[in-house]
Amino acid sequence: MLQSTRSPASTTASSPGPDGPTDLSQQINDSVRHRFVIDTRPGHKLGEGTYAIVFSGHYRTDPTHLVAVKRIKKNADYHDGIAPDAFREIQFLSELSHPNIITLHAVFSTKSQTLSLVLEHLPGGDLEQLFQTPRDQLAYSASDFKAWALMLLRAVAFIHASGILHRDIKGNNILIAADNTLKLADFGLARAFAEPGRNMTHQVITRFYRPPELLYGAMHYGAAVDVWSTGVVLVELCIRDFFLPANTDVEQFHVVEHMFGTPTEESWPGVSSLPFYNLSSAPPKQAQWRAWAGARLQMLGGDGLEVVSGMLAVDPRRRWSAERVLRHAYWGNEPQMTRKELLPRVPGKGGKKKVGEDLKRGAEGEGEGEGRVEKVARKLDFGSMRN
Amino acid sequence: MPLTEDDLYRTSTQYKYWSFTSAQLATQRETTNLQATERVKANVARQRAARARSQVESANTSDAGSGVETGGNTPLHLGAEKEVNCLTVAEEKKLVDTFCERALELGSFLKFPIDVTATGIQFLRRFYLLNSPMTYEPQTISRTAMFLAGKLNNHNVGIEKYVAKFPKVTAEQVLAPEYLLVQGLRFHFQVRHPFHGLKGGHLEMMEMARGNAAPAPHCTETREELQKAMLALPKHARGNPQPWTVEQMEKRITQAYGFADKRILKGPAQLTDAYFLYTPSQIWLAAHLLADEPLTLFYLSTKAPPTSPLHEKLLATLRACAALLSAHHTYKPDTLSAAEKEARDKLEKEQVSALIRKLKHCRDPDKMDLVKLNAAQKRDAVRADGELEESVAKRRKVQREGFEKQADDFWGPELKKEANGTK
Ligand SMILES: Nc1ncnc2c1ncn2[C@@H]1O[C@H](COP(=O)(O)OP(=O)(O)OP(=O)(O)O)[C@@H](O)[C@H]1O
């Protein structure tokens with residue numbers, strides 16, 4: 001009895017009351033939070049994803065300076081403390097400052113220990129919405145395409161120059177600002193380049209955008225993975241449809257081989273020692289990319305096709321770096337790219353948010369509680385239905 | 001072109017939020033110490049008063065004696081209460097330095113790569129700029145800091161495996177202060193280290209020795225001339241030039257690298273204020289200066305002409321940084337005798353145990369049990385959120401229109417979504 005009352009545990013634990021003293025770090029946090037006014041009224045949120053609810057808000061001192069406040073949901077399945085996804089996004093976005101990368105203005109937490117990320121407000125929808133919008137509602141040209149592609153490549157080259165892999169590049173992670181600037185977003189899977197020899201997970205990148213080296217189970221990879229994903233996005237933008245949709249990882253494998261051929265030791269030295277190489281097609285498939293691209297990717301022109309083919313080289317060592325892509329003559333060639341302010345916009349985006357937007361998005365099939373994987377699978381049905 | 005380490009540093013949160021002048025550092029530490037001291041004294045006084053009250057009560061209601069010495073680590077002296085003897089700023093800093101040293105050992109015990117360990121250590125140092133060891137006990141926080149560093153840098157061992165490495169530590173104890181820690185870090189998780197820069201500089205020097213290095217733009221020398229100058233460097237500072245073969249020079253460069261890396265970057269650089277006061281480039285150059293002065297000065301002269309005022313300024317900074325690094329007790333140049341080393345270690349040990357004893361008597365009684373504290377905070381917050389949720393629900397009822405209702409039905413209530421939020 002005496003023992004138990006002696007122990008420090010017998011002190012009554014309570015958080016300081018409203019007028020009690022707070023830690024310096026708490027005070028800083030509170031002052032950061034106070035810099036923003038957030039609209040949390042139901043029905044007014046900007047959107048909701050698997051990990052977060054996004055509210056609109058603005059700087060307290062400047063109501064015209066809009067922000068998007070991404071409130072991270074508690075992840076009940078994660079037992080090792082605060083889930084690392086949100087941390088990673090904060091960790092990398094805080095360090096990156098580039099016109100084509102979403103700006104993280106601030107981070108704060110609330111009493112209930114939820115994290116909120118104050119992000120740049122990007123009301124123009126995303127690249128996936130852009131190519132999904134029916135042609136009669138949104139037409140775009142080779143000049144428009146070039147302008148978008150350049151902004152995207154600049155973002156990718158910049159993160160790579162900063163030593164960071166995004167690992168989830170896809171159309172709906174590329175958001176559009178009110179002034180039509182493209183912004184790479186969602187750094188929840190990002191990581192720093194790894195030292196050679198350190199193993200890395202291949203369970204990254206949404207399936208349709210996953211490069212061959214990850215499909216074959218490479219334990220070590222680099223910036224080339226993001227370049228592949230970017231190449232896939234560019235093709236999607238051209239054909240206005242998903243480029244390499246598949247239902248399962250194994251199917252993804254075959255879809256990629258179907259388009260680009262079965263890699264061999266000659267075309268990709270070292271491929272046969274990758275863990276899942278034995279799953280590849282026998283007899284080997286012939287690449288049909290050239291013929292297919294020639295027929296479907298007119299928007300690119302000869303020079304653009306060269307660039308995109310470089311980005312979709314199956315052997316990651318031969319795949320072009322984002323920097324090499326940026327140095328290509330394509331960007332200066334005819335047709336000239338569209339000036340940013342003249343770029344077409346996703347209808348209904350960029351101005352005031354339309355009522356029922358969430359519902360519309362929902363009706364496209366974003367069911368409750370879906371994880372990333374199921375969501376991707378669902379996209380296949382969507383894509384193949386229209387093929 | 002990859003951005004240089006310096007380019008990256010200039011946009012980093014480390015530069016923007018966690019680099020200071022020594023005057024700024026001192027002021028911040030004083031503020032933190034003052035606040036903690038006041039709070040410890042107030043909370044101890046409050047507890048003593050409460051205890052005195054309950055003693056009076058229990059003396060009145062039950063047999064005498066049962067109420068003696070209840071609660072806390074702050075023994076109750078009947079009669080005149082002793083004023084709590086709090087840590088000074090210098091003592092707090094010394095304690096933090098000590099726990100950084102232990103964290104370094106913990107990192108190698110956990111087999112973390114050095115940059116992960118070093119990140120954990122910087123988390124600890126940053127946290128204690130805004131918090132006092134009297135408020136939050138450093139051993140507890142250092143376990144959490146190392147766990148967080150692992151989690152953020154692809155070395156998530158899993159909490160169960162992690163705590164199994166310590167005797168008598170529960171998962172709860174490691175996780176409870178996590179939130180406190182990330183808030184103390186102001187949500188900045190990226191730490192820029194000098195390791196990479198040192199490696200780059202090392203490789204560059206090797207290329208110079210081999211006559212392959214492309215000279216910097218300002219440099220009028222050819223690569224051959226650079227090589228020739230390098231192979232005539234004096235052995236020691238203020239020594240005379242002497243001839244070297246390429247192999248000998250390569251060996252010398254490699255030795256300098258090893259010394260700078262192992263004895264400084266993986267030691268004193270982590271255990272002092274170096275990261276707060278200097279850039280990663282300055283830190284590795286200072287370490288290299290300690291390792292091999294002539295070589296480092298030569299390397300610098302190929303980067304900026306030795307005649308430029310910039311060079312002068314840079315050198316002064318490097319010397320100041322080198323002085324800071326070499327003053328740490330773990331810095332042991334080869335010139336130090338075994339007896340001197342032993343004496344140093346012994347003194348250090350005595351100082352540290354005295355400090356730890358002192359800390360036991362001046363801890364903030366309100367912050368002893370972080371697990372309970374965390375639970376209480378969450379409980380309070382849930383209550384606050386609960387009220388909010390209610391008023392929101394009411395408003396929703398009034399305001400909601402048809403399409404919104406449908407949308408909500410489709411999305412499902414927030415909580416359920418969360419529970420299903422598969423990854
Ligand atoms: N910066 C922003 N500005 C404006 N709206 C945004 C912004 N960020 C997100 N949104 C909106 O909020 C929605 C949810 O975003 P979030 O990034 O949380 O999830 P997601 O990417 O759609 O889904 P998930 O990450 O689960 O795959 C987006 O679809 C978008 O409509």
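First the proteins, then the strands, lettered A, B, ... as listed; each starts at 1.
Proximity to chain B among residues 92-106 of chain A is limited to A:Phe92, A:Ser94, A:Glu95, judged by heavy-atom separations below 4.5 angstrom.
Of the two parts of B:Thr144, neither the backbone nor the side chain holds a non-hydrogen atom closer than 4.5 Å to a non-hydrogen atom of chain A. For B:Ile159, the parts lying near chain A are the backbone and the side chain together; criterion is any non-hydrogen pair under 4.5 Å. Residue contact with chain A, scored on non-hydrogen atoms closer than 4.5 Å, involves the backbone and the side chain of B:Leu152 alike. With a threshold of 4.5 angstrom between heavy atoms, B:Tyr17 does not approach chain A through any atom at all. Using a 4.5 Å cut-off between heavy atoms, A:Asp80 contacts chain B through both its backbone and its side chain. Using a 4.5 Å cut-off between heavy atoms, B:Val174 does not touch chain A at all. Within the 4.5 angstrom heavy-atom criterion, only side-chain atoms of A:Ile28, from C-beta onward, approach chain B. Looking at B:Gln28, only its side chain comes within 4.5 Å of chain A, counting heavy atoms on both sides. Looking at B:Leu185, neither its backbone nor its side chain comes within 4.5 Å of chain A, counting heavy atoms on both sides. In this structure, chain A has no heavy atom under 4.5 Å from any part of B:Lys161.
B:Glu178 places a side-chain N or O within 3.5 Å of a backbone atom of A:Ile82 that can act as its donor or acceptor partner. Within the 3.5 Å criterion, the main-chain N or O of B:Asn131 finds no donor-acceptor partner in the side chain of B:Thr135. Put simply, the side chain of B:Asn156 gets close to the backbone of B:Gly158: a donor and an acceptor are under 3.5 Å apart. At least one donor-acceptor pair closer than 3.5 Å links the side chain of B:Asn153 to the backbone N or O of B:Ala149.
Counting heavy-atom pairs under 4.5 Å between each of B:Leu8, B:Thr11, B:Asn154 and chain A puts B:Asn154 at the top.
Using a cutoff of 4.0 Å between basic side-chain nitrogens and carboxylate oxygens, A:Arg167 and A:Asp226 are not scored as salt-bridged. Between B:Asp6 and B:Arg192 there is no salt bridge, since no side-chain nitrogen of the basic residue lies less than 4.0 Å from a carboxylate oxygen of the acidic one.
Other residues, nucleotides and ligands contribute over 12 non-hydrogen atoms within 6.0 Å of the CZ atom of A:Arg33.
In terms of heavy atoms, B:Tyr15 sits closest to B:Tyr9 at CB-O, 3.1 Å.
Applying the ring pair (Phe, Tyr, Trp, His ring centres under 6.0 Å) criterion to A:Phe187, with sequence neighbours excluded, gives A:His166.
Interatomic distance, B:Ser132 OG to A:Asp23 CG, rounded to the nearest 0.5 Å: 10.5 Å.
The closest side-chain heavy-atom distance from B:Trp18 to B:Val191 is not below 4.5 Å.
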